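Along the sequence shown, residues are numbered consecutively beginning with 1. Note that the structure is predicted; figures quoted are calculated from it, not measured. What's counted below: heavy atoms across the whole structure, side chains too, no hydrogens, waters or symmetry copies.
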Amino acid sequence: MKYLYKIVFLLIFFGIFSVSESKADDEIFSVATSEFKTQGGDESLIWLGPSCADAIINRISTDKKVRIVEREYINKIIEELKLQMTGLVDEKTALEIGRIIGANYFIFGTVSIYNQDVALNARVANIETSEIVSTSRITGKLDDIFKLQEDLAKKISEDLAFNSVIFSFDNVDVSEISFSVYSKLDQLKKLAEGLPIFILDPARKRKTADYTLGIKISDELLSQHPELYLAHYYKALFSIHLQDNNTANVSTKVAKKLNPDDINVLLLRAGYFLINNDFDKAETLLKFITGKYPADSKAWYGLAKTYMKTGKDYLATECLINSLAGNKFLTQAQANLRTLIAGTKQLNKSSFSDEKYYNSAIVFRAFWNKNQGITKEIYEMANMSAASFPDLFMTFYIKGYYLTRKNDIKSAEESYLKCLKLCPTFPYVHRELALLYFNAKKCKKAEKHAMLYLGTAMVINDYDDIEKARKNCK
């Protein structure tokens with residue numbers, strides 16, 4: 001039973017596994033998915049749609065070639081572009097969103113409930129060919145929803161030929177896990193949304209009731225299932241932000257003991273050390289995590305925060321670059337990197353452990369100092385950085401920016417689209433594509449990128465540039 005709890009809850013709620021080696025193919029696939037629409041049933045079951053989308057993401061994201069576009073960003077696009085009002089993404093909408101963010105595939109679907117029966121329907125659109133390349137329908141009993149979700153996720157992964165992990169427990173009987181346990185875990189997941197793990201929540205004083213409720217639910221689960229590691233995880237998380245360090249210490253230890261392979265548990269334990277200024281222990285654990293999961297952005301970000309706290313700015317800079325070259329874009333990592341390298345401060349090349357970090361630091365610095373111009377030297381450094389960090393979005397943005405101003409529009413577009421695929425949530429690549437397409441009189445494309453830039457950038461100080469370029473389409 002202990003083993004069963006570990007694997008099932010890890011699959012459904014975090015999706016963190018040891019990743020098998022990818023095929024010798026460096027192509028990156030950007031995949032977007034919308035929240036599946038829950039049809040039928042009462043309001044207490046609405047969460048099953050998003051849960052189904054999570055199960056699919058969790059499986060396919062274990063392929064190192066796959067980049068997942070955050071669902072929150074997809075919702076933002078739908079809102080900004082006013083693509084549909086029904087809450088149900090269809091093929092036309094999927095293709096439109098996919099094209100604007102440079103995705104290869106878009107997954108959408110429904111969860112339909114009929115009394116105690118349920119049907120999961122999913123479709124996958126190939127954005128480049130505008131074809132539906134996978135259609136799946138899985139049916140069964142509502143009590144078996146999570147096994148059905150995993151069956152659906154497995155089929156989609158196979159249809160797309162992704163090298164996701166072949167789980168040793170694909171045929172595990174999960175019937176012993178009650179539906180109510182999953183429902184309570186979903187409550188905990190929602191209560192924990194947005195909570196930081198390396199600092200105390202700035203809004204913790206007004207969220208005390210949420211943390212207390214989370215601990216209460218965790219204790220209810222643990223009274224029935226004392227080895228349910230996720231209940232220990234959430235109890236620790238809420239205790240940290242309540243500043244109940246004794247409970248947080250015990251709960252993170254127990255969660256780590258029950259499931260030492262879950263990266264989220266390890267990160268929370270490291271966060272506990274960092275928040276309590278135990279920097280040596282935080283550094284040791286985070287070095288272990290980055291060694292075991294070198295593509296995890298959060299782990300590198302946590303290690304950078306540790307080095308910043310101890311005055312090791314160059315090591316912190318390197319860790320932040322590794323974070324931004326990972327599978328997940330972290331706005332916090334970029335903000336901290338800007339603090340370290342922007343402005344006129346001289347960067348000492350010899351202080352970096354490798355020239356590739358110096359090149360990448362200069363590239364990021366050039367972005368924040370664009371008004372000083374992007375020189376050919378910086379362009380060449382961007383090329384070298386791209387060779388060292390092929391997943392670092394900023395190098396392709398800077399290349400595109402330079403090539404645009406050299407009037408090499410075709411090459412510039414290619415670089416921007418590469419940046420977009422690596423980081424579709426980066427507002428400024430939408431800005432540059434909007435300007436490029438306005439000037440080329442590709443007005444529909446330009447307008448959508450302009451709307452996304454204006455709707456998602458934190459600061460807009462160049463609205464006049466967009467308006468001036470728009471005149472080409474009037």
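- Taking 4.5 Å as the limit, some side-chain heavy atom of Y233 sits within range of a side-chain heavy atom of L268.
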**OP:** Mind running side chain to side chain contact (heavy atoms under 4.5 Å, CB included) on S134 and R123 for me, showing each step along the way?
**Re:** CA-CA 6 Å; S134 174; R123 306 178 80 191; over 6 Å; no
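- With hydrogens and angles ignored, the 3.5 Å screen pairs no side-chain donor or acceptor of S251 with any backbone N or O of A248.
- With a 4.5 Å cut-off on side-chain heavy atoms, V181 and L221 count as touching.
- Classification of the Y357-F389 ring pair by plane angle, with boundaries at 30° and 60°, yields tilted.
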Original post:
After noting the C-alpha distance and the side-chain angles of Y428 and F367, does the key distance pass the ring pair (Phe, Tyr, Trp, His ring centres under 6.0 Å) rule?
Top reply: CA-CA 10 Å; Y428 297 96; F367 165 67; 5.5 Å; yes
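- Across every non-hydrogen atom of S136 and I156, the tightest pair is OG-CG1, 4.2 Å.
- Ring geometry for Y211 versus H241: interplanar angle of 30 to 60°, hence tilted.
- Within a 6.0 Å radius of CD in E128, no more than 12 heavy atoms belonging to other residues, nucleotides or ligands are found.
- Heavy-atom minimum distance, T317 versus A361: CG2-CB, 4.4 Å.
- Of the residues L320, L274, L286, the one that meets the side chain to side chain contact (heavy atoms under 4.5 Å, CB included) test with L303 is L286.
- One finds the OG1 atom of T247 at 11.0 Å from the CD1 atom of I240 (value rounded to the nearest 0.5 Å).
- Between the side chain of S323 and the backbone N or O of C319, no donor-acceptor pair lies under 3.5 Å.
- In terms of heavy-atom proximity, L285 sits nearest to A270 at CD2-N, 3.5 Å.
- In this structure, K418 forms a cation-pi arrangement with F396, its terminal cationic atom sitting closer than 6.0 Å to the ring centre and no more than 45° off the ring axis.
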**OP:** May I have the step-by-step check of side chain to side chain contact (heavy atoms under 4.5 Å, CB included) for I215 and D244, ending in yes or no?
**Re:** CA-CA 11 Å; I215 290 173; D244 179 357; 5.9 Å; no
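- The closest donor-acceptor contact from the side chain of T38 to the backbone of G49 lies under 3.5 Å.
- The backbone N or O of Y229 lies less than 3.5 Å from no partner atom in the side chain of N259, so there is not a single donor-acceptor pair.
- Closest heavy-atom contact between V111 and L48: CG2-O, 4.0 Å.
- More than 12 heavy atoms of other residues, nucleotides or ligands lie within 6.0 Å of NZ in K190, so this atom counts as buried by the packing criterion.
- Counted by atom type alone, Y358 and N348 present zero donor-acceptor pairs between their side chains at under 3.5 Å.
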**OP:** Quick one: do N249 and R269 satisfy side-chain hydrogen bond (donor to acceptor under 3.5 Å, both in side chains)? Show the steps, please.
**Re:** CA-CA 8 Å; N249 184 32; R269 181 68 174 162; 2.7 Å; yes
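- Between the N336 side chain and the Q332 main chain, a donor and an acceptor come within less than 3.5 Å of each other.
- Relative ring orientation between F108 and F106 is described as tilted, the plane-to-plane angle lying within the 30° to 60° band.
- Side-chain contact between K207 and L195: present, with at least one pair of heavy atoms (C-beta onward) separated by less than 4.5 Å.
- Here the shortest heavy-atom pairing between P294 and W300 reads O-NE1, 2.8 Å.
- For K281, the NZ atom counts as loosely surrounded, since its 6.0 Å shell holds 12 or fewer non-hydrogen atoms of other residues, nucleotides or ligands.
- You'll find the side chain of D391 reaches within 4.5 Å of the side chain of R67, heavy atoms only.
- Taking CG of L222 as the start and NZ of K235 as the end, the distance is 6.5 Å to the nearest 0.5 Å.
- With salt bridges taken as basic N to acidic carboxylate O contacts below 4.0 Å, none links D262 and K256.
- Between K287 and E283 there is a salt bridge, with a side-chain nitrogen of the basic residue lying less than 4.0 Å from a carboxylate oxygen of the acidic one.
- Using the six-membered ring where Trp is involved, Y416 and Y397 have ring planes that are tilted, between 30° and 60° apart.
- Panel note: side chain T290, backbone A299; no donor-acceptor pair is recorded below 3.5 Å.
- Summarising the geometry, atom NE2 belonging to H232 is positioned 9.5 Å from atom OG belonging to S218; distances are rounded to the nearest 0.5 Å.
- When all heavy atoms of G214 and L188 are compared, the closest pair comes out as O-CD2, 3.2 Å.
- At a threshold of 4.5 Å between non-hydrogen side-chain atoms, the residues L120 and D151 do not count as touching.
- Between D159 and K155, at least one side-chain N (NZ, or NE/NH1/NH2) sits under 4.0 Å from a carboxylate O, which counts as a salt bridge.
- Using a distance-only test at 3.5 Å, with no hydrogens or angles considered, no donor-acceptor pair links the side chain of N276 to the main chain of D278.
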**OP:** Determine, step by step, whether D313 and I341 satisfy the side chain to side chain contact (heavy atoms under 4.5 Å, CB included) criterion, reporting the C-alpha distance in whole Å, the side-chain angles of both residues, the deciding distance to 0.1 Å, and the verdict.
**Re:** CA-CA 9 Å; D313 287 353; I341 67 173; over 6 Å; no
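- Between atom CD1 of residue I97 and atom OG of residue S34 there is a gap of 7.0 Å, rounded to the nearest 0.5 Å.
- Between I138 atom CD1 and K147 atom NZ the span is 9.0 Å, to the nearest 0.5 Å.
- Of the possible donor and acceptor atoms, none in the side chain of S157 sits under 3.5 Å from a partner among the backbone N and O of A153.
- When atom types are taken as modelled, the side chain of S388 and the backbone of M384 share a donor-acceptor pair closer than 3.5 angstrom.
- One distance of note links CD1 of I127 with CZ of R99; it measures 7.0 Å at 0.5 Å rounding.
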**OP:** Go through the steps to decide whether F238 and L191 satisfy the test side chain to side chain contact (heavy atoms under 4.5 Å, CB included), and finish with yes or no.
**Re:** CA-CA 9 Å; F238 296 125; L191 287 169; 3.8 Å; yes
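- Among L420, V429, I101, the single residue meeting the side chain to side chain contact (heavy atoms under 4.5 Å, CB included) criterion with H449 is L420.
- Counting heavy atoms from C-beta outward, Y105 and V66 have side chains that stay 4.5 Å or more apart.
- In this structure a side-chain-to-backbone donor-acceptor pair under 3.5 Å is present from E318 to S353.
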Subject >> Derivation and outcome, side-chain hydrogen bond (donor to acceptor under 3.5 Å, both in side chains), residues T395 and S385 >> reply: CA-CA 7 Å; T395 58; S385 178; 5.0 Å; no
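- Side-chain contact between L324 and S297 is absent, with no heavy atoms from C-beta onward closer than 4.5 Å.
- Using a 4.5 Å heavy-atom threshold, the side chains of I378 and Y402 count as separate.
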